[in-house]
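Worksheet for the structure shown next.
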Amino acid sequence: MSPLVLVCFALISYAVAAILSYQGRKHEQESLRLAGVISAFGGLFGIIAGISTIVSGYDTADATAAMSHWFSMDMLSALMVVVISVVTMAASVYSINYLEEYYGKGGWKVNVLFNIFAAAMTALVVSANVMVFIIFMEIISLASWLIVISDGSVKSKKAGLQYFIADHAASLLVVVAFMIVASHADSYQFSAIMQNPVTGATASLVFLLALVGFGIKAAGIGLHGWLPKAYPIAPSYCSTLISCVMVKIGIYGILKFAILFLGATQLWWGFLVLIFGAVSSVLGVMYALAEHDIKRLLAYHTIENIGIILIGVGVSMIGIASHHPVLALLGLLGGLYHLLNHAVFKGLLCLGSGSIVFRMHTKEMDDMGGLAKTMPKTAAAFLIGTLAICALPPLNGFVSEWFIYQSLFSMGKVGTVANMLFGPFGMVMLAFTGALACMCFVKVYGICFTGAPKTERAANTREVGPAMITATTSLAVLCVVLGVCAPWIAPYFSSIASSMLNMAPITVAHGLTVYPAVADQAILSTPVIAIALALLTLVPAALLYAFRQRRLERRHQGDPWACGYQYEQKMTVSAASITRPMRHMFGFIYNNRQQSFTERFVLPYLSNGGETPTLDGRKVCRFCIIAVVVVVLFVPLISGVSL
C-alpha cells in the first residue's frame with residue numbers, strides 16, 4: 001500500500017475525531033474518549049506510513065501523477081510524518097483522561113482544534129506544491145492561535161495576540177521567499193523549484209527570508225518571544241504539539257530552502273545557522289534555569305534543543321558548501337536524529353508536566369515537592385525524560401548529540417581556518433548547554449518530585465489516570481529504544497541524510513557499535529553501556545537491600561538541623577535559590593529578556609491597548625495593505641506561473 005494512502009487514512013481519522021467531538025458536544029465524556037482513540041489510530045497510520053517509506057526507500061513521486069502533483073513523500077517528509085504522528089498518538093491517548101477537567105467547559109472545541117492542528121501539520125509536510133504548503137501553513141497558524149486563546153482569559157488573549165502577530169509576520173517572509181523561487185522556476189511545484197534553483201545574491205536573499213521566517217516559527221533565540229507566553233497557556237496535550245512538533249515545521253522549512261531548494265552553496269550560510277543554533281542552545285537553557293513555572297521552563301528548553309538541531313544543520317551546510325560530503329552527512333544525521341529524539345523526550349516531559357498541573361492546579365514548582373511518593377509512575381517516566389534531555393547515556397538524547405559532537409570534531413579537522421575555529425566553538429557551546437541542562441533538571445526533578453511536600457495540595461495529590469500514564473510510559477520506553485538500539489536505527493538516518501544530499505549512504509554502524517563514518521575517530525556502543533549500567537546498579541541495590549534494616553533504624557525523626565537555628569519551612573531549597581548565583585552572575589542577560597521585539601515595537605501599533613488587548617481592525621488593514629504593496633513591488637512575479 002502506498003504510504004500516501006496511509007497518510008490519507010491518518011487525515012481521515014483526524015477529521016472523524018474532530019467531527020465526533022463536535023457532534024457529541026452534548027455527551028462529552030463518551031464522544032471525547034472515542035475521539036481520542038480515533039486520533040490515536042490516525043497517529044498510528046502516520047507512523048506506519050513514515051517508517052515504511054524510510055525502511056523501503058519508497059519514493060512517492062513515483063505514485064499516481066494526480067496525487068504527486070499536489071502531495072509527495074520523500075525521506076525527509078517521511079521522517080517529519082513520523083515525528084508528528086508519534087507525538088500526536090501519545091497526546092491523543094493522554095487526552096482520554098486529561099479532558100475530564102474540560103467536560104462542560106468547551107472541551108469539545110479544544111479537541112476539534114487539536115485534530116485540525118495535527119491534520120494540517122501532517123498534510124503540510126507531504127505537500128509538493130507552494131500553494132498547498134501556504135494554505136496548510138495558515139491553517140496551522142489559525143488552529144494553534146485558537147488553541148492558545150481557548151480559555152478566554154486576559155492572559156491567554158495577550159499571549160495569543162503576540163503569537164498571532166509574530167507567526168503571521170513569519171508567514172509573510174516565507175511567502176515572499178516562496179514567490180521568488182516559484183517565479184524563477186516558473187512553477188509552484190517543489191520538483192521544478194529544485195531543478196531550477198535561484199543563484200547569486202537572489203539566493204542569499206531567499207535564504208535570509210526563509211531563515212528569519214521559519215526561525216520565528218521554530219522559536220530560535222531572538223525570534224522566540226511568542227513561545228514562552230503561548231505554550232504555558234494552552235491545554236497540556238495541545239501545547240505538547242506546539243512545543244514538540246509545530247516548531248519542527250520551522251526546521252523543516254529551513255532544511256527545505258537551504259539544502260533542497262538552494263543547495264547550500266554559500267559557506268557563510270552554514271556559519272550563520274551554526275552560530276544561530278549555538279547561541280539559541282546556550283541562551284535557551286540559561287533562560288530555563290531562571291524559571292519557576294514548570295511549563296515556561298520547558299518552553300525555553302525547546303529553544304535550547306532547536307538550537308542543538310540547528311548546530312547539526314549548520315555543520316551540514318558548511319560541509320556541502322566546502323565539498324566535504326562526509327561532514328555534510330554527519331551534521332545532517334545528528335540534526336535529524338535529534339529532531340526525532342527531541343520530539344520524544346520533550347513530548348514525555350510536556351505530558352509529564354501536564355500530569356503534575358492536572359493534579360496540582362499550579363505551575364509553580366515551589367508549591368510542589370514529594371510528588372514521587374504520590375505520583376510514582378509519572379515520576380519514573382519523567383525521570384527518564386530528564387535523563388534523555390540532559391543527553392546522558394544510553395538514552396536517545398545522548399546518541400544524537402554524540403553524532404553532532406562528532407560532526408564538529410570532523411569540521412575542526414577539514415577545510416579552512418574558519419572551520420578550525422567554529423568547530424571547537426560549537427563543541428564548547430554544546431558542552432556548556434549540556435552542563436546547564438543537567439543543572440536545570442536536577443532543579444526541576446529535585447524541587448518537584450523529591451523531599452517533603454511544600455504545600456498541603458502537594459501532599460494530597462494522587463496518580464493520574466491510566467491513559468495519561470500509558471502515554472508518558474510509552475514515550476519513556478521510546479527514549480530508551482531510540483538510544484539503546486542506535487546501532488540499528490542510525491543507518492536509517494544516514495539514508496535520510498544521504499537522500500537529501502544526493503549521495504550514497506555512508507556506513508555509521510557495525511554490529512553493536514556506531515561511529516562517525518570512520519571508526520578511527522570515535523566509536524560508541526549504547527547496548528554495551530546499557531548492560532554495564534544495569535550491572536553497576538546491582539551493587540548499590542544489593543547493599544541497600546542487605547543493610548535496609550540498619551538504615552531504617554538509624555533514621556532520625558523531627559526537623560532537619562539548621563545550624564542551631566529553629567527550622568522553618570522556608571529554609572527548604574527553592575527553585576530560586578538553586579539558580580541565584582547564575583542569575584546574579586549573568587544578570588545582564590536575564591534583565592533584558594522581559595519583553596520581546598513584538599511586545600515592544602509591534603503590539604502597540606496593531607492593538608487597541610487596554611487590559612485586554614485586541615487587534616485594531618483599521619491598523620491591521622493598514623499593515624496588510626503595506627505588506628501586499630511590499631510583495632507586489634519587490635517580488636515581481638512572472639505571469640503565467642503554472643500550478
Side-chain angles (χ1 to χ4, degrees), residues 4 59-61 63 65-77 80 120-142 167-218 249-266 269 273 313 317 320 499-500 502 624-643:
L4 279 178
D59 186 0
T60 56
M67 183 174 288
S68 64
H69 188 71
W70 301 97
F71 300 97
S72 66
M73 191 155 70
D74 55 17
M75 298 283 269
L76 176 61
S77 297
M80 291 299 300
M121 287 191 292
T122 304
L124 179 139
V125 297
V126 296
S127 300
N129 182 281
V130 171
M131 301 310 295
V132 175
F133 188 102
I134 291 173
I135 289 169
F136 283 112
M137 183 173 66
E138 183 60 20
I139 293 173
I140 292 169
S141 297
L142 293 176
D167 193 63
H168 282 79
S171 296
L172 177 63
L173 297 175
V174 170
V175 169
V176 173
F178 266 126
M179 291 301 102
I180 294 174
V181 295
S183 64
H184 183 270
D186 195 24
S187 174
Y188 289 127
Q189 294 298 117
F190 287 170
S191 57
I193 293 172
M194 287 187 282
Q195 292 169 5
N196 300 280
V198 294
T199 57
T202 306
S204 295
L205 173 63
V206 170
F207 167 73
L208 291 174
L209 289 170
L211 180 63
V212 177
F214 285 114
I216 294 173
K217 291 180 178 292
I249 300 297
I251 299 294
Y252 175 74
I254 292 172
L255 289 169
K256 201 81 171 175
F257 270 90
I259 295 178
L260 298 180
F261 289 172
L262 303 175
T265 55
Q266 300 295 318
W269 298 357
V273 172
V313 174
M317 293 171 64
I320 296 170
S499 71
M500 292 179 62
N502 293 317
C624 292
I625 291 170
I626 293 171
V628 170
V629 170
V630 169
V631 172
V632 171
L633 290 180
F634 295 98
V635 190
L637 301 181
I638 298 175
S639 59
V641 175
S642 61
L643 290 173

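Note: hydrogens, waters and symmetry copies are ignored here, and every other heavy atom, side chains too, is used. Keep in mind the model is a prediction, meaning the values are calculated, not measured.
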Which heavy atom of A192 sits nearest a heavy atom of A185, and at what distance? O-CB, 3.8 Å
Please give me the minimum heavy-atom distance between M500 and I259, naming the atom from each residue. O-CG2, 4.2 Å
So does D167 get a backbone contact from the side chain of S171, meaning a donor-acceptor N/O pair under 3.5 Å? yes
Side chain to side chain, M317 and F207, heavy atoms closer than 4.5 Å: yes
Closest contact, heavy atoms only, A210 versus F257: CB-CG, 3.6 Å
Side chain of S77, backbone of V125: donor and acceptor closer than 3.5 Å? yes
I193 vs V130, test: side chain to side chain contact (heavy atoms under 4.5 Å, CB included). Steps then yes/no. CA-CA 10 Å; I193 293 172; V130 171; 3.7 Å; yes
Kindly indicate whether the side chain of F190, heavy atoms from C-beta on, has any atom under 4.5 Å from the side chain of K256. yes
Taking all heavy atoms of I320 and all of G263, pick out the closest pair and write down the distance. CG2-O, 3.4 Å
Please check this pair: side chain of S127 against backbone of N129, looking for a donor-acceptor N/O pair closer than 3.5 Å. no
Give the minimum heavy-atom separation between P197 and H184, together with the two atoms involved. O-CE1, 3.4 Å
pair I134-M179: side-chain heavy atoms closer than 4.5 Å: yes
Given the rule in the side chain to side chain contact (heavy atoms under 4.5 Å, CB included) test, do V174 and L209 qualify, once you have shown the distances and angles that lead to the verdict? CA-CA 6 Å; V174 170; L209 289 170; over 6 Å; no
Does the side chain of T199 reach to within under 4.5 Å of the side chain of T265, using non-hydrogen atoms? no
Fit a plane to each ring of F261 and F178, take the angle between them on a 0 to 90° scale, and name the class: parallel (under 30°), tilted (30 to 60°) or perpendicular (over 60°). perpendicular
Taking every non-hydrogen atom, the tightest pair across M194 and L260: CG-O, 3.3 Å
Take the angle between the ring planes of F214 and F133 and call it parallel below 30°, perpendicular above 60°, tilted in between. perpendicular
4.5 Å side-chain heavy-atom contact, M80 and M121: no
So L172 and H168, do their side chains get closer than 4.5 Å, heavy atoms only? no
Interatomic distance, CG@L173 vs CG@L211, rounded to 0.5 Å, equals 10.5 Å
